[in-house]
Amino acid sequence: MMNSDRRVKEGGKELFWADQKTDEIVSRKQYRYLEKDIEPFSEYVVKTSASISGVLHIGRLSDTIRGESAVRALLDKGHKASLIWVAEDMDPLRKIPEGVPAEFSEHIGRPVTDIPDPWGCHKSYAEHHVEKYLKVLHEFVGVPMTRYSMMEEYRKGSFKPYIKKLLENLEAVIEIQNRYRDKNNPLRKGWAPWTPVCKNCGKIITPRVHDFTEEGRLPYTCSDYKFESTTAAGCGHEDEADPLRDEGKLMWKGEWAAQWALWNVCSEGAGKEYAVPNSAFFVNGELCERVLGYPMPVPIFYEHLMIDGKKMSASVGNVVYPTDWLEVAPAELLRFLYNKKLMKTRNFSWSELPKLYDEYDRTAAGYWSGRLEPTQKRLFEISQIGDVKPALGISFSMVAFLSKIFVDDASFIRSVERTGHFSSEVSDLVIDRLGKARLWAEKYGVGIPSLAEDSKGVRLSGDQSLFLCGLADFLEAGEHSEEEIQAEIYSLSKSIGLSTRDAFKAVYLTVLGEERGPRASTLIAALDRNWVVERFKYNYK
RNA sequence: GGGUCCGUAGCUCAGUCUGGCUAGAGUACCUGCCUUUUAAGCAGGCUGUCGCGGGUUCAAAUCCCGUCGGACCCGCCA
């Protein structure tokens with residue numbers, strides 16, 4: 001295209017978001033909240049984490065995929081970089097997900113590591129989910145991830161120095177938090193940034209700390225805690241906890257900061273709800289810098305994915321699991337979707353999957369022909385896992401369509417070979433796409449035409465009927481190759497004086513009820529001979 | 001109440017930070033071509049108050065102010 005490189009900005013700043021982040025990460029000099037220089041990083045660590053209490057759906061892959069893209073962008077620029085994945089397995093269970101026995105409601109409020117595996121195959125509820133998460137996560141990620149467990153880190157004592165610092169500077173911690181809070185609703189008296197596991201009932205959300213003793217101990221009372229839709233019942237136990245010895249964890253505003261400082265995190269993703277200056281991201285940022293002395297990471301804020309214009313939720317019943325995705329689309333396609341501009345709401349729906357495929361294919365074609373704008377080029381590259389895959393010339397919707405007509409792979413491949421889009425280089429990809437498209441057409445593909453029930457409603461001209469009848473005679477006369485059938489269509493229509501266009505139309509209307517279709521000879525050859533003959537003759541009057 | 005983000009063709013999306021040729025692509029739709037790829041290929045066409053209103057500027061989709069619509073944050077949660 002004549003404008004294709006008009007916008008190529010020479011020597012300008014990077015345009016692809018992950019490259020911009022790289023730029024920001026490596027070039028920043030100062031703390032955000034302090035007049036202090038940032039010490040050079042020996043390695044750029046990007047963090048992604050997952051809460052373990054719920055199920056893993058594709059929305060949850062967003063943070064990891066985007067974090068991984070940031071790592072890739074850093075690596076591509078020659079920096080040392082890595083991705084760490086943190087299981088938030090010290091967090092309390094908040095509600096009972098589908099498939100978990102109702103009796104588990106007694107565990108609400110307990111750290112997920114301390115809850116038994118409802119399916120009995122792992123040591124704990126947390127381990128069961130972590131293993132499931134990681135298994136599927138690796139399908140969507142290209143760089144290695146270092147895995148951490150919050151529970152293990154707490155038990156190892158990794159957070160002790162930070163817990164100590166936060167408690168030593170309790171006044172500052174409270175002052176910072178109150179500055180971000182509603183002025184009429186400051187933190188209650190006796191609040192602490194660390195919460196113990198109740199020594200009696202083992203819950204982590206119910207102990208309510210109400211003091212900080214001279215000896216550095218935290219007295220608490222175990223009382224009910226209300227989540228959005230559930231309640232963790234407190235046992236009423238009263239006790240004292242030692243934040244440097246006893247089981248417990250940091251509160252979220254404080255914990256995030258401690259994680260950053262512990263792992264030297266330079267960047268982390270967060271949903272758009274954190275993009276506001278008074279969000280937990282920035283509260284942690286300020287705590288991290290002022291109290292822990294570590295520069296807050298560069299945030300990667302993003303919009304959440306919508307499904308059919310709605311939030312993904314079990315109650316709406318529109319949850320898309322990674323396995324659902326992989327059945328009908330490659331991981332690259334989800335990466336592609338997530339790596340587009342971050343702050344635009346993206347909507348996904350099963351019926352529009354072909355459009356996403358088309359956009360992806362078009363980008364792939366542009367990539368290989370070298371006429372992509374730099375942003376799009378990077379988008380495509382970073383969406384890949386492993387080598388950059390070749391572009392496919394046959395669209396997903398076309399494959400879906402063909403899959404409904406050619407039920408066996410062989411006739412599908414014959415049909416595709418005709419188009420010239422089936423080379424040995426892409427054969428695996430095309431066949432893979434066939435499997436996905438076929439499944440998609442079955443499960444979600446409304447409006448994909450298949451063989452017409454009958455041809456009663458089809459109105460044809462006399463010449464068209466004559467043509468079909470002649471073609472039927474030809475087919476009945478003996479076995480013919482596709483080439484011969486195709487040749488007959490042309491010669492027969494010519495002898496009748498029918499335009500090839502109307503001849504083809506007659507075939508498609510009769511067989512599919514549509515005006516167009518795949519290569520006619522391949523279509524006819526793939527169908528049952530008697531069925532075709534009968535169908536063609538029915539229209540002869 | 002205070003604050004953040006989004007709004008570009010019927011649809012999917014680039015372009016906005018860093019102002020600059022007549023605002024783009026694909027798709028859909030329409031027209032034409034095809035004696036052999038008829039949902040393919042080729043050629044052409046149509047589609048926009050860049051949410052709206054002001055301002056700055058030689059020049060605004062782009063910067064500033066306001067406004068409308070949508071999403072979201074300001075907790076004893078994460």
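Below, chain A is the first sequence line, B the second, and so on; all start at residue 1. No experiment lies behind these values; they were computed from the predicted model shown. Values below: every heavy atom of this structure, side chains too, minus hydrogens, waters and symmetry copies.
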Phosphate OP1/OP2 of B:U12: any A:Lys340 side-chain N/O under 4.0 Å = no
Give the nucleotide from the list B:C72, B:C6, B:U38 with an atom nearest to the side chain of A:Met343.
-> B:C6
Any side-chain heavy-atom pair from A:Asn339 and A:Trp17 closer than 4.5 angstrom?
-> yes
Does atom NZ of A:Lys95 have more than 12 heavy-atom neighbours, drawn from other residues, nucleotides or ligands, at distances under 6.0 Å?
-> no
Would you mind telling me which of B:U4, B:U36, B:A78 lies closest to the side-chain atoms of A:Pro277?
-> B:U4
Which is true for A:Lys249 with a 4.0 Å heavy-atom rule: it touches a base, it touches only sugar-phosphate, or it touches nothing?
-> sugar-phosphate
Whole-Å distance separating the CZ atom of A:Phe281 from the P atom of B:G3 | 22 Å
Just checking A:Arg208: base, sugar-phosphate only, or nothing, at a heavy-atom cut-off of under 4.0 Å?
-> base
Using a heavy-atom cut-off of under 4.0 Å over every strand shown, decide if A:Asn278 touches base, sugar-phosphate, or nothing.
-> base
Options B:A14, B:C72, B:C73, nucleotide nearest the side-chain atoms of A:Lys272 = B:C72
Counterpart base for B:C34, defined by Watson-Crick or G-U wobble contacts under 3.5 Å | none
Could you check whether A:Tyr490 and the base of B:U36 form a stacked pair, meaning centres closer than 5.5 Å and planes differing by less than 30°?
-> yes
Looking at A:Lys253, does any N or O in its side chain come under 4.0 Å of the phosphate oxygens OP1/OP2 on B:G75?
-> no
Heavy atoms under 4.0 Å, any strand shown: does A:Ile394 hit a base, just sugar-phosphate, or nothing?
-> nothing
With the threshold set at 4.0 Å, does a side-chain nitrogen-carboxylate oxygen contact exist between A:Asp91 and A:Lys249?
-> yes
Could you check whether A:Lys310 gets within reach of a base, just the sugar-phosphate, or nothing at all, counting any heavy atom under 4.0 Å?
-> nothing
B:G75, B:U38, B:U36: which one has an atom nearest the side-chain heavy atoms of A:Tyr508?
-> B:U38
Could you check which of B:C13, B:C72, B:U37 has an atom nearest any side-chain atom of A:Arg346?
-> B:C13
Please check the phosphate of B:U38 (OP1 and OP2 only) for any side-chain N or O of A:Gln486 closer than 4.0 Å.
-> yes
Any donor-acceptor pair under 3.5 Å between the side chain of A:Arg501 and the base of B:C34?
-> no
Between B:C29 and B:A9, how far is it from one C1' atom to the other, in whole Å?
-> 12 Å
In terms of side-chain heavy atoms of A:Lys355, which of B:C11, B:A78, B:A14 is nearest?
-> B:C11
Nearest heavy atoms of A:Pro207 and A:Tyr220, plus distance in Å = CB-CD1, 3.5 Å
Nearest of B:G75, B:G15, B:U12 to any side-chain atom of A:Lys341?
-> B:G15
Nucleotide forming a Watson-Crick or wobble pair with B:C50, both distances under 3.5 Å | none
Gap in Å between the two C1' atoms, one belonging to B:U35 and one to B:U31, rounded = 23 Å
Under 4.0 Å between a Lys/Arg side-chain N and an Asp/Glu carboxylate O for A:Lys21 and A:Glu24?
-> yes
Quickly work out the A:Phe282 CZ to B:G2 P distance and round it to whole Å.
-> 21 Å
Using purine N1 to pyrimidine N3 plus N6-O4 or O6-N4 for Watson-Crick, or N1-O2 and O6-N3 for G-U wobble, both under 3.5 Å, which nucleotide pairs with B:A14?
-> none
What nucleic acid atoms does A:Met251 come within less than 4.0 Å of, heavy atoms only: base, sugar-phosphate, or nothing?
-> sugar-phosphate
Indicate whether OP1 or OP2 belonging to B:G7 is found under 4.0 Å from a side-chain N or O atom of A:Lys344.
-> yes
Of A:Asn185 and A:Val276, whose nearest nucleotide on RNA chain B comes first from the 5' end?
-> A:Val276
Is A:Arg335 salt-bridged to A:Glu332, cutoff N-O under 4.0 Å?
-> no
Using atom C1' of each nucleotide, how far apart are B:A60 and B:C50 to the nearest Å?
-> 11 Å
Record whether the side chain of A:Tyr225 comes under 3.5 Å of the base of B:G75 through a donor-acceptor pair of N or O atoms.
-> yes
Whole-Å gap separating P (B:C77) and CG (A:Leu187) | 9 Å
For the pair A:Lys355 and A:Glu359, find out whether any cationic side-chain nitrogen is under 4.0 Å from an anionic carboxylate oxygen.
-> no
Using a cut-off of 4.0 Å on non-hydrogen atoms, how would the nucleic acid contact of A:Arg179 be classed: base, sugar-phosphate, or nothing?
-> nothing
Between A:Phe467 and A:Phe536, does the ring centroid distance fall short of 6.0 Å?
-> no
Over how many whole Å does the gap from A:Asn347 atom CG to B:U12 atom P extend?
-> 8 Å
Look at the side chain of A:Thr500 and the base of B:U38, then say whether one donor and one acceptor between them are separated by less than 3.5 Å.
-> yes
Judged by nearest nucleotide, the residue sitting upstream toward the 5' end of RNA chain B, A:Val416 or A:Leu337, is A:Leu337
Please state the C1' separation for the pair B:G24 and B:G48 - nearest whole angstrom.
-> 11 Å
Pick the P atom in B:G66 and in B:A59, then give their distance to the nearest Å.
-> 23 Å
